[in-house]
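Data first, discussion second: the structure below is written as structure tokens.
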Amino acid sequence: MTVVIEMEGDPVAVVEAEKDGDLAPSEREAVKDELKSAQDEISGEIADKGGEIQAQMQSAYNGFQASVPADQLDAVAELPGVVAVHPVRTYALDNAVSVPFLGVPQVWESTGYTGEGVKVAIIDTGIDYTHATFGGPGTTAAYDAAHAAGAQPADPTLYGPDAPRVKGGIDLVGDDYNADPSSASYQPVPHPDDNPLDCQGHGSHVAGTAGGSGVLADGTGFTGPYDTTTPSNTFRVGPGVAPQADLYAVRVFGCEGSTDMVVPALDWAVENGMDVVNMSLGSSFGRGDDPDAVAAANAVGAGVVVVASAGNSGHNPYLTGSPGSGDGVVAVSAVDSAEGFPGATVTVDGQAIEAINANGASLDGIGELTVVRLVEDPTTPENEALGCSAAAYTKAGVTPGGGQLAVSTRGSCARVSKAIYAQQAGAAAALMVNSTDDLPPYEGQITENADTGEPYLVTIPFLGVRSSSGPAFVSGAKATLAAASIANPGFRGYASFTSSGPRSGDSAISPDVAAPGVSISSAAVGSGNGAAILSGTSMAAPHVAGVAALSVQAHPNWAAPQVAASLVSTSDPDQVAGQRLTLGGVGLVDAAQAVATSVTATGDAFHTESGWARESALSFGFQESWLGFGGIKTVTVRNDGPAPVTYAVSTSASAESIPARVNLSSRSITVPAGGSAKLLLTVAAAAKDVPSSVGGPDQFAFYEVSGDIVLTAEGSTLRVPYLLVPRSNSTVSSSTSALFTKKQQVADATKKISLWNVFGALPAGADVYTWGLSDDKDASKTLADTGYDLRAAGVQSIGAGDDQLLVFALNMHHRWSNAASNEYDVVLDTDRDGEADWIVRSADSGAVRAGSNNGLAEVFVVNAETGARGASGFLTQAPTDSSTLLLPVSASDLGITGAFDYTVQTFGVNGGTDAASGWATYDPSAPAIGNGQYVDVPKHGTASVEVAVNAAQVAAQKPLGAMVVVLDNPSGAGESLLVKLK
């Protein structure tokens, strides 16, 4: 597995921080040489242990990135000078309307700040520096020439210190690099060079949003002026937020696939003095101690404002990604900034039908059209009805100059390809009937065939209608088109894909702010001067990175955490429909306030290699208790302005917050010029007010105490969010340590297990399983335990008509944040021949079904021999911040009618693994120890359950005893009471 090996000794950034000033070049090299010398002393030993060194770092981080066999991690951690070994994750790629939506043109005009002189690094797939929005020639030929010479030094007139926009960078990986081991193009060995030309497209799009100059409708680059008149121009590609910033391309992706080179990229950014870094990339279930998150926090401590996307995994808890989960990093969620979309009313034989004008083409001057409906010819391999070739349109009767509306059906080829083929055949307009009863998405200007990559500009209207409207479009019908507007129901709301927080592990606040991320138009790679429309938090983050560049220009003497605070604490929750702290942070980033503020409000302190810093959040973390929750935290308000400022102070609870007492030390605070003042926030909540982890409306049972501290003065509003994630506990325990004493013989009997819930905050259900497996607390010391270290496993069987429902209970030593972050496998030998036959697996439903996490744990059934997989029909019962999960499966799906053997293995999100050391036997037709009994143990009360013991089956199956699962008990061992056989 790929790891970062942390070494003793301070990197350059720390030495500079301790000196409180920049080192001379010779001093920097001396520090690097000394660190590298120590690294070189053990590099051979790493290689001897099967390791392959990928990078050595001395600037922001002191250590190696290397691939090391998992069974050698602890040995590497013991090498001289090694402080720790951290797993590295692999990462996937997570303006003309969105930039004005943030009020940026008003900031350009009122302040003159456009990012000029600010260094912004885009850690991504590279940048197409031949594109007109980056001052390039703006032709496809220029891109083709640059790409053909991609391993050679770039043209200095397009890339480098003397280039118009892209002032430098590095390619850390090369075109063929791909760190995804599941990909057919897996090639994990980086081949770095000095020419970070984009061959994928993501980085160019991101860079265009952060700081592209813009491209006018005629395809020429826009050079200003940048002011309130800018939006009045007609743009092919709108300007970015900081259109005069100096851009640096730090390429960490090949032409396809994923990367694990984020830490070296951050090291480069620190070494080369970047002011702002944008990372539109991530890995779900991000933690604060992920090595990339730590490296990002260290970069903040070293003086770099780090902005990252939150992720595109949806609204379930704990999905927000790393490296955005790092302390001090500004993690960005996505909102929809489009108030409406271009539409059309298509009147067909007198029937008016609503359509989306998917490419926004003009409908002026288009007279009456004749409908040509494409239909399938069953005698050919092609389904012509889908319109996936120009020939399909021609075959249907589309002819140049025929005044025809060519109608296809969605499917097979890319949507935009249908418009291209219709235009090539000569249609006056194209229309696609959607496969569902809603309107297809807005595409924006179509400049290339998404299937082939061939550049092509579509000028005819490309319309889309609902599936229910399809029957109206029959060949020969007459149609007219009239422009209309379609309201966007998601306007100002959070995108359905944006990843929810909080941060995994410690439940800290993340994401931090929101920005536009739906249907964002920006630079299209290789197009010369064209645009591409993409959606994702990858598109939201560069909006904030651009605002960060403006804030750096406005506050040249501020440290990176202060600039980050200017972004977060001035954000506006009122600008987001359905505002939710754990989903989007404080609110929509406010460019004008971020630039104008001279006061910042911060909360929690965090430690980096350069010392302590503060961020604009108060995270009380995860707490579980049978009594109550709370804490006291400090807010520091700093005034860098010339006059004192007095703020009225209040708190505003979020709509999702459970009842809590939230008190401030003062309702007013005066902050002197050039000084600071402090506030205390006290939060307290009773455990009785937090519902049970069982029986809620969803799988998660996630609750929160949350809201904002609001500081209000004339012309200034600052907010500091607070969050506490509580879990209310029962305290069910048992005085029954064993079913039989050591002196008793096991015999047929009915045994009672006594339970009491003396101090519990709530009544709790106790569920009995036959205990089959036990495992020590033996997670690797090198890897954080994310809830994968197995403690015990058991099974129960319940009659379900002619079938049996088997439920496997797995108890871990440590809690998870979201169980979907890990994989849990119950391996079954159903014919007891010593070979695995089936696997009952709990895993992330989205990852299994669609290749993208969604944070929902589902139970799957896998054929151990063929790998064939099917759904069990059940979700895993696994509340958040718990440690016991229940996996239901029908016995008939596994072919089980009698005794079978099973064992358990687990796989953590960070690469950690665990497995039971042996196998257990269970026979649902004749359980050795009765199971399936369920009893409610009242608060401050007692209960008992009786279990039947079959002595002959005990001898045959050898169970360990009874396992009583209480999901409301404290996480860890508390959730599963183990009653030994004797």
Side-chain angles (χ1 to χ4, degrees), residues 341-349 353-377 380-435 439-467 469-483 524 527 530-533:
F341 298 108
T345 300
V346 184
T347 303
V348 187
D349 286 345
I353 295 173
E354 184 182 45
I356 190 167
N357 185 349
N359 63 336
S362 172
L363 305 182
D364 294 341
I366 298 179
E368 186 178 65
L369 301 176
T370 301
V371 173
V372 177
R373 182 68 183 261
L374 278 67
V375 296
E376 181 180 8
D377 181 352
T380 66
E382 179 182 8
N383 182 351
E384 290 85 356
L386 303 180
C388 292
S389 69
Y393 289 88
T394 301
K395 184 173 183 176
V398 175
T399 59
Q404 296 161 316
L405 174 63
V407 179
S408 64
T409 303
R410 184 171 180 175
S412 186
C413 58
R415 297 182 301 269
V416 297
S417 300
K418 302 174 190 292
I420 291 173
Y421 297 134
Q423 181 170 310
Q424 289 174 339
L431 183 145
M432 182 187 74
V433 178
N434 203 10
S435 54
L439 294 175
Y442 178 67
E443 310 287 355
Q445 187 177 49
I446 299 170
T447 59
E448 72 173 10
N449 188 319
D451 289 330
T452 66
E454 177 187 0
Y456 191 92
L457 179 64
V458 174
T459 57
I460 66 172
F462 178 43
L463 310 176
V465 299
R466 299 174 176 87
S467 59
S469 301
F473 294 92
V474 295
S475 290
K478 300 300 181 180
T480 58
L481 312 180
S527 66
I533 291 183

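Contact of the Val407 side chain with the Leu405 side chain is registered, since non-hydrogen atoms from C-beta on lie closer than 4.5 Å. Inter-residue side-chain proximity for Leu439 and Arg466 is flagged as met; some heavy-atom pair is nearer than 4.5 Å. Put simply, the side chain of Pro461 reaches to within 4.5 Å of the side chain of Ile366, judged on heavy atoms. Looking at Thr409 and Arg373, their side chains come closer than 4.5 Å, going by heavy atoms from C-beta outward. In this structure the side chain of Asn449 never reaches within 4.5 angstrom of the side chain of Tyr456, judged on heavy atoms. Residues Leu463 and Val346 meet the side-chain proximity criterion, which asks for heavy atoms closer than 4.5 Å. A heavy-atom distance below 4.5 Å is found between the side chains of Arg415 and Arg410.
Atom OG of residue Ser417 and atom CD of residue Gln424 lie 9.5 Å apart, to the nearest 0.5 angstrom. The distance from the CD1 atom of Ile356 to the CE atom of Met432 is 9.5 Å, given to the nearest 0.5 Å. Here the CD1-CD1 distance, from Ile446 to Ile420, works out to 6.5 Å after rounding to the nearest 0.5 Å. For the atom pair OG of Ser467 and CG of Asn434, the computed distance is 6.5 Å after rounding to the nearest 0.5 Å. To the nearest 0.5 Å, the span separating OG on Ser408 from NZ on Lys418 amounts to 5.0 Å. Asp349 contributes atom CG, which lies 10.0 Å from atom CZ of Phe473 (distance to the nearest 0.5 angstrom).
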CA sep, side-chain torsions, deciding dist, call: Ser389, Glu382, side chain to side chain donor-acceptor pair (under 3.5 Å): CA-CA 9 Å; Ser389 69; Glu382 179 182 8; 2.8 Å; yes
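Checking side-chain atoms of Glu368 against main-chain N and O of Thr480 turns up no donor-acceptor pair under 3.5 Å. No donor-acceptor pair under 3.5 Å is formed between the side chain of Lys478 and the backbone N or O of Leu369. At least one donor-acceptor pair under 3.5 Å links the side chain of Asn359 to the backbone N or O of Phe462. Not a single donor-acceptor pair under 3.5 Å links the side chain of Lys395 to the backbone N or O of Val375. Of the possible donor and acceptor atoms, one in the side chain of Thr394 sits under 3.5 Å from a partner among the backbone N and O of Ala390. The backbone N or O of Gly397 lies less than 3.5 Å from a partner atom in the side chain of Gln404, making a donor-acceptor pair. A donor-acceptor pair is defined here as one N or O able to donate and one able to accept, closer than 3.5 Å; such a pair exists between the side chain of Asp451 and the backbone of Ala414.
The shortest heavy-atom contact between Ala344 and Leu363 is CB-CD1, 3.7 Å. Considering all non-hydrogen atoms of both residues, Asn383 and Glu376 come closest at OD1-CB, 3.2 Å. Minimum interatomic distance between Ile460 and Ala427 (heavy atoms only, all atoms of both residues): CG2-O, 3.6 Å. In this structure, Val372 and Ala396 approach most closely via the heavy-atom pair CG1-O, 3.4 Å. Considering all non-hydrogen atoms of both residues, Gly387 and Cys413 come closest at O-SG, 4.2 Å. Residues Val398 and Ala406 approach most closely at CG2-CB, 4.0 Å, considering heavy atoms.
Aromatic ring centres of Tyr393 and Tyr421: separated by at least 6.0 Å.
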